[in-house]
Amino acid sequence: MNMVSLAITTASSLSIILTTISFWLPQTAPTAEKLSPYECGFDPLGSARLPFSLRFFLVAILFLLFDLEIALLLPLPWASQLSSPSITLAWTFVILILLTLGLAYEWTQGGLEWAE
């Protein structure tokens with residue numbers, strides 16, 4: 001038996017064993033509270049017109065914004081193998097400086113403060 005078929009057999013059997021154990025091992029006692037949906041700490045049976053903090057949405061949008069900008073840096077290891085890596089590094093530093101300036105601006109404006 002070669003190594004590839006041994007690895008596939010081991011991975012498959014281990015996956016099947018762990019899946020079987022995870023279905024049969026836990027002792028669940030479903031109650032009405034466990035079966036009800038949970039959304040951000042709100043009571044699912046209450047009114048849907050409760051006031052919601054705008055600060056939560058602002059922090060979430062800031063996170064997405066910085067997360068998407070960091071995703072621009074993901075191709076950097078492949079781009080460093082181009083014919084002119086100095087241009088690639090220059091653009092990388094421009095992106096990092098923009099991220100740092102944006103973070104400093106949001107920090108000074110109080111956009112990252114959770115409590116007012």
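We count residues from 1, following the sequence as given.
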Under a side-chain separation threshold of 4.5 Å, the hydrophobic residues clustered together with F63 are L64

Please determine whether residues I87 and L96 belong to a single hydrophobic cluster, defined as Ile, Leu, Val, Met, Phe, Trp and Tyr linked transitively by side-chain heavy-atom distances below 4.5 Å.
no

Pair N2, S5 - check side chain to side chain contact (heavy atoms under 4.5 Å, CB included), show working.
CA-CA 6 Å; N2 60 10; S5 60; 2.6 Å; yes

If the condition is side chain to side chain contact (heavy atoms under 4.5 Å, CB included), which residues does I95 pass it with, not counting sequence neighbours?
L72, L73, L99

Donor-acceptor pairs under 3.5 angstrom involving side-chain atoms of residues 11-21: please list them, not counting sequence neighbours.
unit_1: S12; atom_1: OG; unit_2: I8; atom_2: O; d: 2.8
unit_1: S13; atom_1: OG; unit_2: T9; atom_2: O; d: 2.9
unit_1: S13; atom_1: OG; unit_2: T10; atom_2: O; d: 3.1
unit_1: S15; atom_1: OG; unit_2: A11; atom_2: O; d: 2.8
unit_1: T19; atom_1: OG1; unit_2: S15; atom_2: O; d: 2.7
unit_1: T20; atom_1: OG1; unit_2: I16; atom_2: O; d: 2.7

Can you sort out the partners of L98 under side chain to side chain contact (heavy atoms under 4.5 Å, CB included), two or more places apart, ordered by chain and number?
V94

Taking side chain to side chain contact (heavy atoms under 4.5 Å, CB included) as the test, write out the residues that go with L65, two or more places apart.
E69

CG/L62 to CG/D67 distance, rounded to the nearest 0.5 angstrom?
12.0 Å

